[in-house]
Structures are given as C-alpha cells and as structure tokens.
Amino acid sequence: MSSLKDVCSGLPVDQLPPQRDRDDSVPHAPVRTPNLTPEEERLALQNALRYFPPELHGVLAPEFAQELRDYGHIYMYRFRPQCEIRAYPIDEYPARTRQAAAIMHMIMNNLDPRVAQFPHELVTYGGNGQVFGNWAQFLLTMQYLCEMTEDQTLVMYSGHPAGLFPSHSAAPRVVITNGMVVPNYSSREEYEKMFALGVTMYGQMTAGSYCYIGPQGIVHGTTITVMNAGRKYLGLNDLTGKVFVTSGLGGMSGAQAKAAVVAGCIGVIAEVSEEALTKRHKQGWLMETTSNLDECMNMIRRYKREKKTTSIGYLGNAVDLWERLVQEYDSTGELLADLGSDQTSCHNPYGGGYYPVQLSFTEANEVMHSDPLRFKNLVQESLRRQITAINKLSDRGMFFWDYGNAFLLECKRAGADVNKEGDTLGTRFRYPSYVQDIMGDIFSLGFGPFRWVCTSGNPNDLATTDEIATSVLEDIINKGVPESAKQQFQDNIRWIKEAGIHKMVVGSQARILYADRVGRIAIATAFNQAVADGKLQGPVVISRDHHDVSGTDSPFRETSNIYDGSAFCADMAVQNFVGDSFRGATWVALHNGGGCGWGEVINGGFGLVLDGSEDAGERAKMMLQWDVSNGVARRSWCGNQNAKEAICRAMDQNSKLKVTMPHAVEDENLLERAFRN
C-alpha cells in the first residue's frame with residue numbers, strides 16, 4: 001500500500017502487509033476505557049475479524065486483541081497505508097466517476113496528518129471525531145468508490161461500508177449515517193462500549209461526513225463571532241488593544257489564535273499539549289508562546305499599551321491562566337481580559353477533551369485510563385475552579401460566552417455556579433451560548449458557513465473562486481439588501497479579501513464564508529459556470545459546516561435561541577438530510593453528536609460536486625434553496641423576527657414556496673388569565 005493505486009485496491013488479503021507498531025512521531029488519541037466484559041472483548045474481536053477471510057484470523061486475532069487491550073479499540077494499524085495521505089488532485093484517483101473521485105479527494109483530506117488531529121486513529125478533530133472506525137473500513141470504502149458507477153449508491157453505517165446498492169444517476173452517490181443509536185441507549189458509557197465493539201462511531205460534524213477543510217472553517221466562524229461580540233458587548237467595530245482569552249489549540253480550537261489576529265485583537269490561548277501548541281506555532285497560526293505566567297501577564301500589558309494585534313499561546317492549564325487573571329485584578333485593579341470563551345473539547349470531558357488543572361498533561365493521560373472515576377472527579381473540580389475565576393472577572397466587566405462545546409453544560413453537571421435565574425427550559429445559563437447572544441439572529445437571516453473545495457488541488461483555482469465569490473457578494477450588495485444583512489455581506493467580503501494574506505489553507509484548496517440563501521445559490525451557480533468555461537481546472541465541491549441554519553438541532557448551541565420548547569426536537573436536521581438527498585446532493589450525512597457531544601445533538605451535512613454541467617447547476621439551485629429555507633422556516637415558526645422577514649422574502653421570490661407563519665399572542669396577560677378559570 002505504497003501508492004494511491006494500492007490504497008484504492010481494497011484490503012490486501014492475498015499478501016498481508018507487515019505488522020506495524022504505533023508511530024510515536026505523530027500525536028495519538030488518548031487510550032479509551034470501554035470497560036468491556038470478557039464476552040464483549042471476544043465479540044469486539046469477532047467483529048473486527050469479519051473483514052478478513054478465515055485463513056488470516058490466526059495471524060490477526062492476537063494482534064487485534066492486543067490493540068484492544070492497549071488502546072481500548074481495534075484500529076488495525078497493520079493496514080494503515082504507507083503512501084502519503086493527502087488530497088491528491090481529482091484526476092489522480094482511479095475512479096469511474098468524477099463524483100466518486102471528488103469524494104475520495106475529501107476523505108483523503110480529512111486524514112491528512114497536517115489536517116487531522118490523530119491521523120493514525122482516523123480522528124480528524126474534536127478528540128474523537130472519527131472518519132472511520134478502523135483502517136479496513138477506509139480501504140474498503142476507497143475500493144467501492146473506485147468501482148462505483150453513476151447508477152450505484154454507497155451506504156455507510158457509522159464508518160462501515162455496507163456496500164454498493166443499485167440506484168440512479170440523480171440519487172446521492174454516498175449516504176452516510178453515524179451514531180444512529182436508539183435514543184434510550186445514546187449515553188457516553190454505551191458509546192464507549194459500542195465503539196469498542198466496532199458497531200457505531202462518533203463522526204463529530206464534518207469528520208464523518210468527509211467535509212472538514214482544516215482549521216480554516218473555525219477560524220472564520222471564530223473571527224465572525226469575535227467581531228460581532230465586540231460590537232454587541234463592547235460597542236466597538238475596532239478591537240485593537242482588546243484582549244480575548246480562551247483555551248484550546250488542538251483540533252478545531254487550533255484556529256482561535258489566527259481568528260484573534262484576523263479580528264484585530266490580542267488573543268491569549270491556553271493549551272496543555274506542547275505538541276499541539278508547537279504545531280500551531282510552526283504553521284504560523286500562533287504568533288508567540290510562553291510557559292511562564294509572569295511573562296504572559298507582561299506580554300498582555302505590553303501589547304495592550306502598544307495596541308498590537310497578536311496571539312499568545314500559553315503552554316499550561318486554562319484554569320491557571322484564569323486564576324492568574326483574577327489575581328492580577330485583585331492586586332492591581334487592572335482587568336486584563338475584555339472578552340472570554342473556551343474551546344476545549346468538553347463534549348468529551350473524561351476522554352481527553354478537558355485536562356484537569358491538578359495533573360500534568362502526561363499524568364492526566366495516564367489517570368484517565370487507569371482510574372477513570374478519580375479522573376472524572378478531578379475534571380469536575382477543575383471546571384468548578386475555572387468557572388469561579390470566570391465569574392469573578394465577569395463581575396468586574398469581562399464578557400464571556402459559551403462556544404457551544406458543552407463547556408457550560410459540563411460545568412453545570414459538575415455543580416459549578418452557571419445557572420441562569422428563571423430558566424424553565426433547562427437550556428439557558430448564566431452566560432449565553434454564542435448562538436443565543438451573538439450568532440443566532442445571523443442564522444435566522446439565513447447566513448451560515450458555506451464552503452467549497454477546488455478538487456484540482458491548484459491554488460490558482462482557489463484564487464479564482466475567491467475573486468468570483470467576492471464579485472458575487474459585491475453585486476448582491478449593489479442590487480440592494482436589507483440593512484440587517486448588509487453588515488454580514490461586508491464582513492465576508494473583507495474575510496475573502498484577507499484570506500490569502502493570512503494563509504488559511506491547510507490541506508485541500510478550500511475556502512469558507514458566511515452567506516445566505518441568495519448568496520449561496522449565486523456563488524454556486526457562478527462556480528459551476530466557471531468550470532464549464534474552463535476558468536477552473538477541475539470540479540468544485542460545495543458543502544457547509546453542519547453547524548448551520550438548518551443542519552443541526554442542538555439545544556445548547558445551534559438551536560439554543562429557540563424558546564418555544566422545541567430546542568430538544570430534531571425534526572429540522574433529519575428533514576434537512578432527507579430533503580438534500582432528493583434535491584441534488586452528491587452525498588449526504590446524518591449524525592448523532594457533534595460539538596456538544598454524543599447524545600446532545602443531531603446534525604447533518606452534504607457535499608455537491610459542481611462539474612460544469614447544466615444538471616449540476618440545477619441541482620445546486622434546488623438543493624441550496626431547501627438547505628437554507630428549511631431552518632429559516634423553523635426559526636420563523638419559533639418567533640424569530642429576522643427569520644420571519646427572511647422567509648417572507650424567500651416566498652416573494654419563489655411562488656412555489658409556501659411556509660406556515662406563526663401568529664403571535666399580542667396580549668401576554670391572556671395566557672395567565674386563561675388558566676384562572
């Protein structure tokens with residue numbers, strides 16, 4: 001398996017590749033603790049061996065059993081390809097269809113060591129966001145995609161390729177489901193067991209749907225969030241000299257340093273892993289580093305005085321950083337943090353997503369496996385300490401928000417002081433989710449993270465698409481847009497123009513921006529025409545983050561600003577997945593978990609290949625119309641005024657769109673009077 005052709009040839013069962021030990025030169029996922037019984041261990045091994053003919057079981061069984069004992073999961077390291085894994089240009093894949101080759105391009109990008117957090121465990125981001133559960137699944141999937149014709153669909157069950165099934169050319173080429181567990185069994189404990197058994201998988205959002213584009217996606221989202229937080233909380237469009245304090249530089253959180261610089265402020269980011277911090281520094285995403293809190297405080301003060309835009313990576317625990325900021329205020333009266341958040345992987349707090357302050361990084365990795373109960377207690381104590389410090393700074397004027405990573409949810413479960421007085425729905429905390437307070441109204445306008453990948457792999461194609469997208473958005477503004485949307489268009493034009501300067505690309509030639517229904521359709525149509533005209537050297541894949549207007553039902557993030565009692569209902573995300581599938585998507589995905597964690601979210605996404613054909617252009621128009629309007633309609637029904645206005649404009653522009661509109665109760669006292677009788 002030393003070439004791309006070998007990777008696409010399926011499992012090498014005629015001649016087994018040599019056994020391979022774990023490669024210590026790359027970061028690895030923490031050891032999992034599934035707590036399997038002896039009978040369950042045998043079942044996990046049996047499940048793994050069914051990918052191979054019986055004559056190989058004698059060789060593979062002891063090896064796989066050792067992996068299960070050592071790492072809590074059977075990854076099948078022997079079958080990890082020796083060739084470089086990256087997003088090769090689309091023409092290099094030996095596939096029978098362009099659509100399949102484009103999907104392979106996306107999969108390979110998700111597993112590129114420059115992109116993936118733990119590439120050898122097939123984890124793209126978030127600590128446990130899997131692309132596949134083992135390397136056999138990867139190889140079989142690549143083989144199926146090579147063999148696929150335009151009248152077949154590949155069905156994926158939580159990383160497992162169930163097979164190619166007859167369909168038709170207008171059907172999706174791939175249909176993915178990840179973690180679709182019967183609700184009463186969708187707990188963390190059950191997940192660890194089922195993942196070890198090889199029967200389910202946590203695909204996060206864009207890891208398991210093959211649509212991750214490296215940390216650029218979260219750079220953009222964090223940049224837009226910080227800019228809008230400055231406007232809302234500080235009344236400022238210019239954040240020069242203001243300090244944004246947060247934590248996490250690993251997977252998606254690694255984008256925070258770059259986002260702070262793009263937003264124009266001073267970013268201070270705590271990270272416990274020297275490996276993660278060094279990686280971001282070498283990539284140029286993190287400008288300065290220190291492991292000394294005294295030096296860190298001096299740097300903050302100096303850059304505030306100089307009004308210098310920069311990012312500081314503190315190698316240490318976030319709790320130590322927050323508590324030191326409190327100490328500085330108590331001793332000097334100086335508030336050194338203006339804005340604050342957290343992007344640790346708190347959806348997985350006991351499996352490496354959050355490191356307690358009482359232990360070193362190395363000690364924590366050992367204790368989480370050897371003594372899970374003690375580790376959980378330490379994590380919860382650490383969360384309580386962190387919130388205590390944040391509360392003190394907040395009381396003195398710092399503005400803090402939850403970044404939708406289940407941070408406040410886990411703080412609440414730990415007994416920390418985060419409850420919001422008067423909350424009856426159980427979804428509101430002392431501090432708002434960034435969706436509730438900052439981005440929710442933007443979603444309701446139909447704006448969300450629209451992204452594309454130039455499958456030629458040519459940077460010139462990306463530059464051309466940047467020019468096209470900028471021109472399209474400027475044209476939309478010139479034709480006239482509501483004032484509520486104008487700022488968002490302007491922010492994203494600025495983003496595109498500066499993206500090249502800030503060297504956002506890691507992995508595939510990809511870009512992201514926030515656009516509404518009109519913007520997405522116009523950009524996609526223009527890209528497709530550019531492919532047809534030969535202005536681009538290859539097809540363009542369009543997709544989006546699942547974290548979007550319609551893609552995710554998550555009561556502590558994407559739907560946290562829905563107050564009619566339906567925040568825990570997942571009809572929107574499921575309908576989106578189904579609707580995209582028969583309106584033109586090349587592939588679709590539906591996941592349990594993502595962002596806030598397993599059992600906390602239902603989310604879905606899509607990919608659509610623009611190959612320059614008239615058919616691709618029509619697919620894009622129909623599917624994107626639905627993909628945005630579905631969520632805007634739901635938010636309108638829940639009473640959001642921005643959404644009402646946006647969906648009414650959509651109905652005015654399309655006579656076939658008919659949406660049920662809500663009637664507000666004008667007399668609030670009526671509700672109370674009605675129950676007095």
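Along the sequence shown, residues carry numbers from 1.
Taking all atoms of both residues into account, the shortest heavy-atom contact from Ser484 to Leu445 is O-CD1, 3.4 Å. The shortest heavy-atom contact between Lys497 and Ile501 is O-CD1, 4.1 Å. The two residues Ile312 and Cys296 have their closest heavy-atom pair at CG2-SG, 4.4 Å. Across all their heavy atoms, Arg635 and Asp548 have their closest contact at NH2-O, 3.9 Å. Of all the heavy atoms in Cys569 and Arg634, the pair that sits closest is O-NH2, 3.8 Å. Nearest heavy atom pair, residue Leu378 against residue Gln358, reads O-NE2, 3.3 Å.
Here the rule is side chain to side chain contact (heavy atoms under 4.5 Å, CB included) with Leu249, and of Leu277, Val272, Thr289 only Leu277 fits it. Remark: of the listed residues Tyr233, Trp401, Phe399, Trp401 is the sole one forming a ring pair (Phe, Tyr, Trp, His ring centres under 6.0 Å) with Phe244. In summary, of the residues considered (Lys258, Gln256, Arg280), a side chain to side chain contact (heavy atoms under 4.5 Å, CB included) with Pro215 occurs for Arg280 alone.
Checking side-chain atoms of Ser550 against main-chain N and O of Gly631 turns up a donor-acceptor pair under 3.5 Å. In this structure, the side chain of Thr332 engages the main chain of Glu334 through a donor-acceptor pair within 3.5 Å. Proximity of a side-chain donor or acceptor of Gln343 to a complementary backbone N or O of Thr246 within less than 3.5 Å is not detected. Remark: the backbone N or O of Glu328 is paired with a side-chain donor or acceptor of Ser331 at under 3.5 angstrom. Proximity of a side-chain donor or acceptor of Arg114 to a complementary backbone N or O of Val506 within less than 3.5 Å is not detected.
The aromatic rings of Trp495 and His220 sit perpendicular to each other, their planes meeting at more than 60°, with 30° as the lower class boundary. Aromatic ring pairs are classed by plane angle as parallel below 30°, tilted from 30° to 60° and perpendicular above 60°; the pair Phe400 and Tyr431 is perpendicular.
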Check against side-chain contact (heavy atoms from CB on, under 4.5 Å), Asp491 and Met227:
CA-CA 9 Å; Asp491 284 349; Met227 289 169 61; 3.6 Å; yes
Please report the C-alpha distance between Tyr403 and Thr225 in whole Å, then the side-chain angles of each, then the deciding distance to 0.1 Å, and finally whether the side-chain contact (heavy atoms from CB on, under 4.5 Å) criterion is met.
CA-CA 9 Å; Tyr403 211 90; Thr225 299; 3.5 Å; yes
Starting from the C-alpha separation in whole Å, work towards a yes-or-no answer on side-chain contact (heavy atoms from CB on, under 4.5 Å) for Asn561 and Phe443.
CA-CA 10 Å; Asn561 67 330; Phe443 276 3; over 6 Å; no
Show, in sequence, the C-alpha distance, side-chain angles and deciding distance for Thr206 and Ile213, and conclude whether the side-chain contact (heavy atoms from CB on, under 4.5 Å) test is met.
CA-CA 9 Å; Thr206 52; Ile213 59 169; over 6 Å; no
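Checking Gln386 against Asp342 by side-chain atom types alone, a donor-acceptor pair falls below 3.5 Å. A donor-acceptor contact closer than 3.5 angstrom links the side chains of Tyr303 and Glu288. Side-chain contact check for Asn298 and Arg301: no donor-acceptor pair (N or O, by modelled atom type) lies under 3.5 Å. With hydrogens and angles left out, the side-chain atoms of Glu558 and His546 include no donor and acceptor closer than 3.5 Å. A side-chain donor from one of Arg517 and Gln653 sits under 3.5 Å from a side-chain acceptor of the other. A donor-acceptor pair shorter than 3.5 Å cannot be found between the side chains of Tyr355 and Thr344. Checking Asn292 against Thr290 by side-chain atom types alone, no donor-acceptor pair falls below 3.5 Å.
Using a 4.5 Å cut-off on side-chain heavy atoms (C-beta onward), Arg396 and Asp330 make contact. Taking 4.5 Å as the limit, some side-chain heavy atom of Asp466 sits within range of a side-chain heavy atom of Leu462.
At most 12 non-hydrogen atoms from other residues, nucleotides or ligands lie less than 6.0 angstrom from NZ of Lys486. For Glu274, the CD atom is loosely surrounded, since the number of other residues' heavy atoms within 6.0 Å does not exceed 12.
Distance CZ/Phe489 to CG/Leu513: 10.0 Å, rounded to 0.5 Å. Distance check, rounded to the nearest 0.5 Å: CG of Asn640 to CD1 of Ile562 gives 8.5 Å. Summarising the geometry, atom CZ belonging to Phe450 is positioned 13.5 Å from atom CG belonging to Asp545; distances are rounded to the nearest 0.5 Å. Rounded to the nearest 0.5 angstrom, Phe606 CZ and Ile542 CD1 are separated by 5.0 Å. Once rounded to the nearest 0.5 Å, the distance linking CD1 of Ile300 with CG of Leu321 reads 6.5 Å.
A salt bridge links Lys479 to Asp475: one of the charged nitrogens lies within less than 4.0 Å of a carboxylate oxygen. One finds a salt bridge joining Arg544 and Asp627 here, because a Lys/Arg side-chain nitrogen approaches an Asp/Glu carboxylate oxygen to under 4.0 Å. A salt bridge links Lys304 to Asp338: one of the charged nitrogens lies within less than 4.0 Å of a carboxylate oxygen. Under 4.0 Å is where a charged nitrogen must lie from a carboxylate oxygen, and between Arg413 and Glu410 at least one such pair does. At a threshold of 4.0 Å, the pair Asp516-Arg649 does not count as salt-bridged, since none of the basic side-chain nitrogens sits closer than that to a carboxylate oxygen. Between Asp294 and Arg324, at least one side-chain nitrogen of the basic residue sits less than 4.0 Å from a carboxylate oxygen of the acidic one, meeting the salt-bridge criterion.
The aromatic ring centres of Tyr314 and Trp322 sit 6.0 Å or more apart.
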